Amino acid sequence: MFTFKVFALFNILVFVRGATYSQTDSHTGTGFLKSFTVESEADPTHGRVNYVNAATAASLNLTYASGDTFILRADSTTVLSASGPGRNSVRIQSNKQFNNSVMIFNIRHMPEGCGTWPAVWTVGPDWPNGGEIDILEGVNNQGPNQVTLHTGSGCTMPSSRSELGTPAQNNCDANVNSNSGCGVKVSDARSYGPTFNSDGGGWYAVERTSDFIKVWFWSRQATGIPTDAMNGATSVDTDNWGTPQAYFPSTSCPISSMFAPQNIVINLTFCGDWAGASSIYAASGCPSTCVDYVNNNPSAFTNAYFDFAWLKIYQ
Ligand SMILES: *[C@@H]1O[C@H](CO)[C@@H](O)[C@H](O)[C@H]1NC(C)=O
Ligand SMILES: *[C@@H]1O[C@H](CO)[C@@H](O)[C@H](O)[C@H]1NC(C)=O
Ligand SMILES: *[C@@H]1O[C@H](CO)[C@@H](O)[C@H](O)[C@H]1NC(C)=O
């Protein structure tokens, strides 16, 4: 009996140390609509979008929740007037903020289509000083996914570091390089757009500590996915997750002062500063101009939707 108690205590001590986290928040189906607020603000990145409010989103079925399905999508039936508002779509923001934590997104489908610019990201107050972590983001169906940090001044990344992805640019400061941030291209072609969707999506996981930010991606078709992440277990151990796709150490970036508590944002815009930049849109092989295409081809956006199985958060 004594031996057992000592053994149990030892286990508890081990359990709370290291990279083991306990689940604090679990979102699935209608739970997303309780923990997130639909925001109908204007898009600061000049997208050809009209972010509708919660009631409109629900009545147009642009948000839909049932069982373990949560859908967030854009309108795919309306031809737009060139002089009127942009395509109806949805932006949601978490009611809670998170400091150091692990977040796992189990996503079955993400928006695709020429002109689409979907994003799953976290952001602090007083941008860019509160920091921004772009977990899943891209434009015009062009994979792979790029994970990017945007910060205030004084945050750079070492060019050589232990990650599977390929760094694009190493200065995270949003005030330089036209706010391109420090991005890392994921090494797995299944990480974005049509390929992500045809494989049934997958899992994105983010771990934030004072010492680093790490992002992992596992396609649903991958083998050797850590079972705690795959199942959204009640506790997870990131030490067993292997080399991340993107690794942002605090070596020359004081993570704890560059990143304030963050809200989670999920949105889908069209065209705008990134997807609609004429050189970028043309280089993606998409037809016409971005705005004309988005205005005139509603049926091209039938697959412009997110389908989340769940989002779980650990601290
Ligand atoms: C929507 O997402 C894009 C991509 O991250 C972002 O740049 C833009 O500011 C977002 N729009 C809103 C209204 O938050
Ligand atoms: C709303 O969307 C869901 C998911 O795509 C679909 O199953 C349902 O039939 C739609 N409802 C209406 C009224 O169109
Ligand atoms: C985040 O950390 C700061 C500083 O320790 C603390 O004041 C704040 O309450 C924390 N916020 C959340 C949402 O945990």
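Being a predicted model, the structure only gives us computed values, none of them experimental. When a ligand or atom number is given, it counts from 1 through the structure's own listing order.
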task: Mind telling me whether Phe212 and Tyr247 have parallel, tilted or perpendicular rings, with 30° and 60° as the class edges?
output: tilted

task: For atom 5 (O) of ligand 2, find the nearest protein heavy atom and state the residue, atom name and distance (0.1 Å precision).
output: Arg73 NH2, 3.1 Å

query: For the residue pair Phe301 and Phe270, is the inter-centroid distance of their aromatic rings smaller than 6.0 Å?
result: yes

Contacts of Gln315 that satisfy side-chain contact (heavy atoms from CB on, under 4.5 Å) - sequence neighbours left out: Thr24, Phe98, Ser101, Ile313

Using residues 225-234 as the side-chain source, report each donor-acceptor pair under 3.5 Å to any protein atom, sequence neighbours left out, with the distance given to one decimal.
| from | atom 1 | to | atom 2 | distance (Å) |
| --- | --- | --- | --- | --- |
| Asp228 | OD1 | Trp241 | NE1 | 2.9 |
| Asp228 | OD2 | Asp237 | N | 2.9 |
| Asn231 | ND2 | Thr227 | O | 3.2 |

statement: Ranked by distance from atom 6 (C) of ligand 2, the top protein heavy atom is Asn61 ND2, 4.2 Å

field: atom 9 (O) of ligand 2 protein-contacted, heavy-atom criterion under 4.0 angstrom
entry: no

